[in-house]
Amino acid sequence: MLFAKVRKNIGERVRKELLHREVLSANYKVKTDNHFVYFPVTRKINLHGVHYITIVVEPQKKKPKSVVEYLEEKYGKTTTQQLTKSFDIVGDIAIVELPERLAHFDSKVAEAVIAIHPNIKVVAKKLGAMSGEFRVRPMKVIYGENRTETIHRENDCLMKVDVARAYFSVRLSTERMRIATLVREGENVLVMFSGVAPFALVIAKRKPHTKIVCIELNEVAVQYANENVKLNKFYNIENICGDVKDVIPERFLNWADRVVMPLPKTSNEFLDVAFKAAKNGAMIHLYHIGDFENAEELIHKVAKENNASVNITGHHIVRPYAPRLDQICVDFVVRKKNQ
Ligand SMILES: C[S@@+](CC[C@H](N)C(=O)[O-])C[C@H]1O[C@@H](n2cnc3c(N)ncnc32)[C@H](O)[C@@H]1O
């Protein structure tokens, strides 16, 4: 490789000139000895005080920038294609997905994750799909401390969660901020299916003069929700453990200025009770898996059954759910006819 040899005292000036004239090579390391600096260059140019010499050197290795790059470099593209492409980071836990037939790659994927993200303390592997009423999935720790509990920071809030015992998705952070921005000070906000209370926390952070009620069936999630309220020192969130179909008729009929419904898979079963919780003029945010027409048809049907009408103010795709299937959100205002 060709190197420009210069005395140390003019090294910086020459480096800038080589850079400016676009001859400095990024593929080789700059070398030094007691008196000289040696800059790798792509060709000779006339510069005062510069001599050119050839040194035999190995090109510099580029550091991989992602887990995929790291794995590709070590194990080749073909193998890597079958491995995980995306993974989630919750606090200091990385959650990866690996096909069963590639189980022998567990430790290699974990090694790649740690190499790229040195702050990760635990790598956990998904052992199945999210299932059951609580929407949790089994997991196995494949690297690091044997725990699935962590504290995640999102939208300036701390969120403590056990990712194997309660639902939590980092992919909803933008949506949580969108809702928090829409909330007005003074509102009563009802978060159905509240999990460890991420929606409530982000709302409370942005709009402290609100009353937020969270209803969640999973006792473990409610324990974390209570811890999160303390952790963030928010005093306007009440967490209730129970079924929305029981709790709302008992305590929250015509109570809410805003209802958030983050249970997209079976939202249709709970829209009726959301209407009952809504005040006249309240806004409901319905999450749904499917298309807008389908969701809006459902909204009009349930509105009619509740002697109400609706004004749909917006809809959007929240995130892809499966190939050609999205999680969507429809926002609408409820008008109750007899009020
Ligand atoms: C998709 S998760 C959403 C959790 C949380 N809102 C979040 O964004 O992280 C749905 C949650 O609804 C809860 N759930 C399911 N059926 C329920 C019901 N009938 N009443 C109250 N909570 C329920 C589950 O336990 C689960 O935690």
Side-chain angles (χ1 to χ4, degrees), residues 29 58-132 134-176 195-198 201 218 220-221 223-225 227-228 231 318-323 327:
K29 266 192 180 161
E58 289 279 308
Q60 229 182 163
K61 276 214 167 155
K62 264 201 274 160
K63 267 197 175 171
K65 289 195 179 67
S66 67
V67 171
V68 171
E69 261 185 42
Y70 184 98
L71 289 166
E72 273 180 8
E73 210 168 84
K74 281 208 141 179
Y75 308 107
K77 263 200 171 146
T78 337
T79 318
T80 311
Q81 257 164 18
Q82 305 172 56
L83 292 171
T84 186
K85 283 279 173 289
S86 66
F87 60 93
D88 288 332
I89 294 181
V90 184
D92 60 1
I93 301 180
I95 301 169
V96 299
E97 197 171 349
L98 281 173
E100 201 38 55
R101 70 198 141 76
L102 292 176
H104 56 286
F105 258 97
D106 281 6
S107 56
K108 292 172 176 127
V109 171
E111 172 200 303
V113 171
I114 302 302
I116 302 296
H117 302 277
N119 294 335
I120 295 295
K121 298 278 184 300
V122 178
V123 181
K125 177 176 139 174
K126 294 179 185 173
L127 287 186
M130 219 152 244
S131 65
F134 296 168
R135 312 303 302 145
V136 287
R137 72 163 92 239
M139 287 197 203
K140 178 185 161 198
V141 171
I142 57 170
Y143 170 88
E145 297 164 22
N146 191 19
R147 62 173 162 89
T148 44
E149 183 186 88
T150 189
I151 297 180
H152 183 72
R153 186 180 277 277
E154 179 206 291
N155 290 316
D156 288 333
C157 300
L158 296 174
M159 301 175 179
K160 190 167 178 184
V161 60
D162 186 324
V163 292
R165 297 173 72 208
Y167 178 94
F168 186 76
S169 173
V170 289
R171 299 181 194 199
L172 293 174
S173 65
T174 311
E175 184 59 21
R176 294 195 260 268
V196 302
L201 298 172
N218 178 356
V220 174
Q223 278 166 20
Y224 280 104
E227 274 198 63
N228 286 332
L231 210 56
V318 177
R319 58 174 175 164
Y321 180 75
Q327 179 182 146

Using 0.5 Å steps for rounding, measure from the [atom1] atom of [X] to the [atom2] atom of [Y].
X: K160; Y: Q223; atom1: NZ; atom2: CD; answer: 10.5 Å
X: E97; Y: D88; atom1: CD; atom2: CG; answer: 9.5 Å
X: Q327; Y: S169; atom1: CD; atom2: OG; answer: 8.0 Å
X: N146; Y: K140; atom1: CG; atom2: NZ; answer: 11.0 Å
X: I116; Y: F87; atom1: CD1; atom2: CZ; answer: 8.5 Å
X: S173; Y: R153; atom1: OG; atom2: CZ; answer: 14.0 Å

Do [X] and [Y] have side-chain heavy atoms sitting under 4.5 Å apart?
X: I120; Y: I89; result: yes
X: V96; Y: I142; result: yes
X: K74; Y: K108; result: no

Taking all heavy atoms of [X] and all of [Y], pick out the closest pair and write down the distance.
X: Y70; Y: A115; result: CE1-CB, 3.5 Å
X: A164; Y: T148; result: CB-OG1, 3.8 Å
X: V136; Y: Y167; result: CG1-N, 3.8 Å
X: A166; Y: N218; result: CA-ND2, 3.9 Å
X: A129; Y: P138; result: O-CD, 4.1 Å
X: M139; Y: K126; result: CG-CA, 4.4 Å

Between F105 and Y75, ring centroids under 6.0 Å: yes
Criterion side-chain contact (heavy atoms from CB on, under 4.5 Å) on V122 and T150, from CA distance to verdict: CA-CA 10 Å; V122 178; T150 189; over 6 Å; no
Within the side chain of [X], is there an N or O that forms a donor-acceptor pair under 3.5 Å with the backbone of [Y]?
X: N228; Y: V196; value: yes
X: N155; Y: C157; value: no
X: D106; Y: Y143; value: no

Criterion side-chain contact (heavy atoms from CB on, under 4.5 Å) on V318 and R171, from CA distance to verdict: CA-CA 9 Å; V318 177; R171 299 181 194 199; over 6 Å; no
Option from H152, K121, R147 for which side chain to side chain donor-acceptor pair (under 3.5 Å) with D92 holds: R147
Verdict with reasoning, I151 to L231, per side-chain contact (heavy atoms from CB on, under 4.5 Å): CA-CA 10 Å; I151 297 180; L231 210 56; 4.2 Å; yes
